[in-house]
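Input: a single structure, listed below in structure tokens.
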Amino acid sequence: MTRHPTRPSARTGATALAVVSLVLCTGSAAAATWRPEVSAGYDTYVHTYHLAEDDTTETVSEYALTAGLAGRSDRRAVHRWSLRTRVSGGSELVRELLDGSYRWQPDGRHERLRLDVDWRGRQYQDDSEYSLTSDNHEGLAELRAYPWRQGALRLDVRARGRYIHYATPSSLEQSYREHGGAVYLASRGLGELAWRVGGLARRRAYPDSAAIDRDRLGLEADLNRTAGDRFLWLFHRSERRLAADQEVRPSGWSHWSELRLTEPAGPGHVVLDLTSEVWRYDREDATWYDSWRIDTEVGYGWGDPLSTRWQALVTIDRLTAADSPEQYTQVGLRGSVESYAGPLTGILALEYGRRWYADPD
């Protein structure tokens with residue numbers, strides 16, 4: 001992809017973050033706790049595009065210096081907020097981050113209003129060898145209100161906006177704007193049981209390719225129950241996607257269901273995770289065809305979730321897709337270790353398996 005001949009200055013994003021931090025810090029310094037952050041290190045970022053004829057992978061490896069400022073209000077305050085700003089300059093990239101949250105809790109316990117904002121910017125150095133992306137920035141804002149509450153029941157109303165902008169859009173990287181909302185009826189505090197049910201509506205527009213604009217209308221519900229070491233989670237979403245140009249991509253229905261179960265057994269616990277994904281299109285072709293995928297993981301886990309936890313699982317994946325040669329059945333064995341409280345944080349997983357396609361050619 002041809003790179004943009006002139007790049008926006010990385011100082012613009014950094015200056016904006018500094019101004020925001022200064023204003024908030026000045027206005028609330030008396031009731032806030034602030035913590036500066038400075039770090040230096042080596043970072044590796046791998047970006048892979050999966051294409052029809054050839055997969056392309058490029059890696060950005062760089063030395064970087066990062067400076068930031070994080071602050072939060074008193075945890076007992078009626079108006080609770082948190083803010084984090086960060087600027088990173090490296091041999092390949094300059095990055096900016098602004099992450100903030102506000103919560104209004106008039107009684108000190110229950111939220112009546114919540115606002116979450118996240119913004120990220122990225123500018124590539126002129127001598128960078130990374131050529132599969134352009135300078136870009138993206139943002140996300142979500143407002144939640146709880147206008148009605150009766151006992152354990154509450155009404156959850158949400159408005160959401162999201163965007164991403166590329167200085168040099170391409171077929172693989174499209175700028176878009178998305179906005180929408182959702183309404184849920186939720187229950188909290190009914191012993192060990194919690195549930196939520198409601199609907200959502202969103203619209204996404206692509207300024208450089210209006211043919212792939214789409215609307216989403218959906219209904220969803222989830223339920224979770226915790227009893228000691230036993231855990232059950234059920235989730236389902238049915239969604240209608242309306243495409244702007246039916247010749248480019250047909251409209252269709254999607255149905256996503258998930259079940260997670262943890263049951264104590266001996267020194268550890270039995271783990272079951274079942275996922276079902278169904279797509280039904282108004283018009284099928286070689287690219288968009290009806291399908292049903294079932295993904296199952298079952299096995300045994302042991303260890304402390306607050307320190308180190310191990311898992312050994314059998315995985316089964318099945319895709320049914322009408323007459324498409326992409327149909328397959330896959331079986332595998334997976335081992336993993338998770339650590340969150342020690343000197344190392346993260347997940348290491350290894351899976352070995354085999355996939356059988358319906359069409360051997």
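Only heavy atoms go into these numbers, but all of them, side chains included; no hydrogens, no water, no symmetry mates.
- Counting only distance, with no hydrogens or angles, the side chain of Gln246 and the backbone of Ala243 share a donor-acceptor pair below 3.5 Å.
- Remark: Arg249 is positioned above the aromatic ring of Trp288, its terminal NZ or CZ atom under 6.0 angstrom from the ring centre and at most 45 degrees off the axis.
- Trp302 and Val270 fall within a single hydrophobic cluster, where Ile, Leu, Val, Met, Phe, Trp and Tyr are joined by side-chain heavy atoms under 4.5 Å apart, directly or via other members.
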*Evaluate the side chain to side chain contact (heavy atoms under 4.5 Å, CB included) criterion for residues Arg160 and Arg202: first the C-alpha distance (whole Å), next the side-chain angles of each, then the deciding distance (0.1 Å), finally the verdict.*
CA-CA 9 Å; Arg160 172 189 174 101; Arg202 293 178 186 169; 3.6 Å; yes
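- In this structure, Tyr300 contributes its side chain and Gln311 its backbone to no donor-acceptor pair below 3.5 Å.
- Proximity of a side-chain donor or acceptor of Ser175 to a complementary backbone N or O of Tyr166 within less than 3.5 Å is detected.
- Side-chain atoms of Trp256 and Ser276 include no donor-acceptor pair closer than 3.5 Å.
- In the model, Gln150 has no side-chain atom that pairs as donor or acceptor with a side-chain atom of Trp148 under 3.5 Å.
- Here the side chains of Arg283 and Tyr281 are not in contact, with every heavy-atom distance at 4.5 Å or above.
- Judged by distance alone, the side chain of Thr85 and the main-chain N or O of Leu98 form no donor-acceptor pair under 3.5 Å.
- Checking Ser171, Pro169, Ser170 one by one against Asp208, the side-chain contact (heavy atoms from CB on, under 4.5 Å) holds for a single residue, Pro169.
- A salt bridge does not link Glu111 to Arg144: none of the charged side-chain nitrogens sits closer than 4.0 Å to a carboxylate oxygen.
- Leu113 and Val117 fall within a single hydrophobic cluster, where Ile, Leu, Val, Met, Phe, Trp and Tyr are joined by side-chain heavy atoms under 4.5 Å apart, directly or via other members.
- At distances below 3.5 Å, at least one donor-acceptor pair connects side-chain atoms of Gln327 with backbone N or O atoms of Ala321.
- For Tyr206 (side chain) and Arg177 (main-chain N/O), no donor-acceptor pair under 3.5 Å exists by modelled atom type.
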_Asp156/Arg158 under salt bridge (Lys or Arg N to Asp or Glu O under 4.0 Å): CA gap, chis, key distance, verdict_ = CA-CA 7 Å; Asp156 182 351; Arg158 305 183 184 186; 2.9 Å; yes
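- In the displayed structure, Asp229 atom CG is contacted under 6.0 Å by at most 12 heavy atoms of other residues, nucleotides or ligands.
- By the neighbour-count criterion of 12 heavy atoms within 6.0 Å, atom OH of Tyr63 is sparsely surrounded, having that number or fewer from other residues, nucleotides or ligands.
- Pairing each heavy atom of Ala182 with each of Leu200, the nearest pair is CB-CB, 3.9 Å.
- You'll find the side chain of Ser101 stays beyond 4.5 Å of the side chain of Leu115, heavy atoms only.
- In this structure, CD in Glu297 is found 9.0 Å from OG in Ser336, a value given to the nearest 0.5 Å.
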_Would Ile212 and Arg214 count as a side chain to side chain contact (heavy atoms under 4.5 Å, CB included) here? Give the steps._
CA-CA 6 Å; Ile212 58 177; Arg214 61 176 181 262; 5.8 Å; no
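- Looking at Leu140 and Asp116, their side chains never come closer than 4.5 Å, going by heavy atoms from C-beta outward.
- Cluster annotation: Val278 is connected to Leu234 through the hydrophobic network of ILVMFWY side chains, with a link wherever side-chain heavy atoms come within less than 4.5 Å.
- With a 4.5 Å cut-off on side-chain heavy atoms, Arg86 and Thr66 count as touching.
- Between His236 and His255, the ring planes lie parallel to each other; the angle is under 30°, not in the 30° to 60° tilted range.
- Leu65 and Ala40 make their closest contact through CD1-CB, 4.0 Å (heavy atoms, listed as atom of the first residue, atom of the second, distance).
- A salt bridge is absent between Arg203 and Glu178; no separation between the charged side-chain nitrogens and carboxylate oxygens falls under 4.0 Å.
- Under 4.0 Å is where a charged nitrogen must lie from a carboxylate oxygen, and between Arg149 and Asp107 no such pair does.
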*Could you go through the side-chain hydrogen bond (donor to acceptor under 3.5 Å, both in side chains) check for Tyr184 and Glu220 one step at a time?*
CA-CA 9 Å; Tyr184 300 99; Glu220 68 178 40; 3.0 Å; yes
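- When atom types are taken as modelled, the side chain of Asp135 and the backbone of Tyr124 share a donor-acceptor pair closer than 3.5 angstrom.
- Contact annotation: the side chain of Thr315 approaches that of Glu351 to within less than 4.5 Å [non-hydrogen atoms, C-beta and beyond].
- Trp233 has its ring centre less than 6.0 Å from the ring centre of Phe235.
- Within the 4.5 Å cutoff, side-chain heavy atoms of Arg240 are placed close to those of Leu242.
- A 4.5 Å side-chain heavy-atom check between Arg293 and Asp317 finds at least one atom pair inside the cut-off.
- Checked by atom type and distance alone, the side chain of Glu62 pairs as donor or acceptor with a backbone atom of Leu93 at under 3.5 Å.
- The minimum heavy-atom distance between Val248 and Ala211, with the atom names listed, is CG2-CB, 3.9 Å.
- No hydrogens or angles considered: a donor-acceptor pair under 3.5 Å links the side chains of Gln105 and Arg80.
- A single hydrophobic cluster is not seen to contain both Val157 and Tyr146; linkage of ILVMFWY side chains at heavy-atom distances under 4.5 Å, directly or through other members, places them apart.
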*Do Thr262 and His269 pass the side-chain hydrogen bond (donor to acceptor under 3.5 Å, both in side chains) test, and can you show the C-alpha distance, the side-chain angles, and the key distance before you say yes or no?*
CA-CA 6 Å; Thr262 300; His269 50 271; 5.5 Å; no
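- By the 4.0 Å N-to-carboxylate-O rule, Glu138 lies close enough to Arg122 to be salt-bridged with it.
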*Show the numbers, then the answer: is there a side chain to side chain contact (heavy atoms under 4.5 Å, CB included) between Leu350 and Tyr352?*
CA-CA 7 Å; Leu350 177 64; Tyr352 179 81; over 6 Å; no
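- Clustering ILVMFWY residues whenever any of their side-chain heavy atoms sit less than 4.5 angstrom apart, transitively, puts Leu223 in the very cluster that holds Val183.
- If you look at Tyr163 and His179, their ring centroids are not closer than 6.0 Å.
- Here the CG atom belonging to Leu185 is positioned 11.5 Å from the CZ atom belonging to Arg196, to the nearest 0.5 angstrom.
- With ring centers used as reference points, Tyr102 lies 6.0 Å or more from Trp104.
- Both the sub-6.0 Å distance and the 45° axial angle are satisfied by Arg204 relative to the ring of Tyr176.
- Residues Leu313 and Val298 fail the side-chain proximity criterion, which asks for heavy atoms closer than 4.5 Å.
- Look at Glu96 and Arg120 and you find no salt bridge, because none of the NZ, NE, NH1 or NH2 atoms lies under 4.0 Å from a carboxylate O.
- The structure places CZ of Arg318 at 10.0 Å from CH2 of Trp292, a figure rounded to the nearest 0.5 Å.
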*Please step through side chain to side chain contact (heavy atoms under 4.5 Å, CB included) for the pair Glu326 and Tyr357, ending with a clear verdict.*
CA-CA 7 Å; Glu326 296 293 332; Tyr357 282 96; 4.2 Å; yes
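- For Asp290 against Glu284, the heavy-atom pair with the smallest separation is N-OE1, 2.8 Å.
- The heavy-atom pair separating Glu92 from Ser61 by the smallest distance is CG-O, 3.7 Å.
- Of the possible polar contacts, one joining the Gln125 side chain to the Gly90 backbone as a donor-acceptor pair under 3.5 Å is found.
- In this structure a side-chain-to-backbone donor-acceptor pair under 3.5 Å is present from Ser134 to Thr168.
- Closest non-hydrogen pair, Val78 versus Pro106, comes out as CG1-CA, 3.7 Å.
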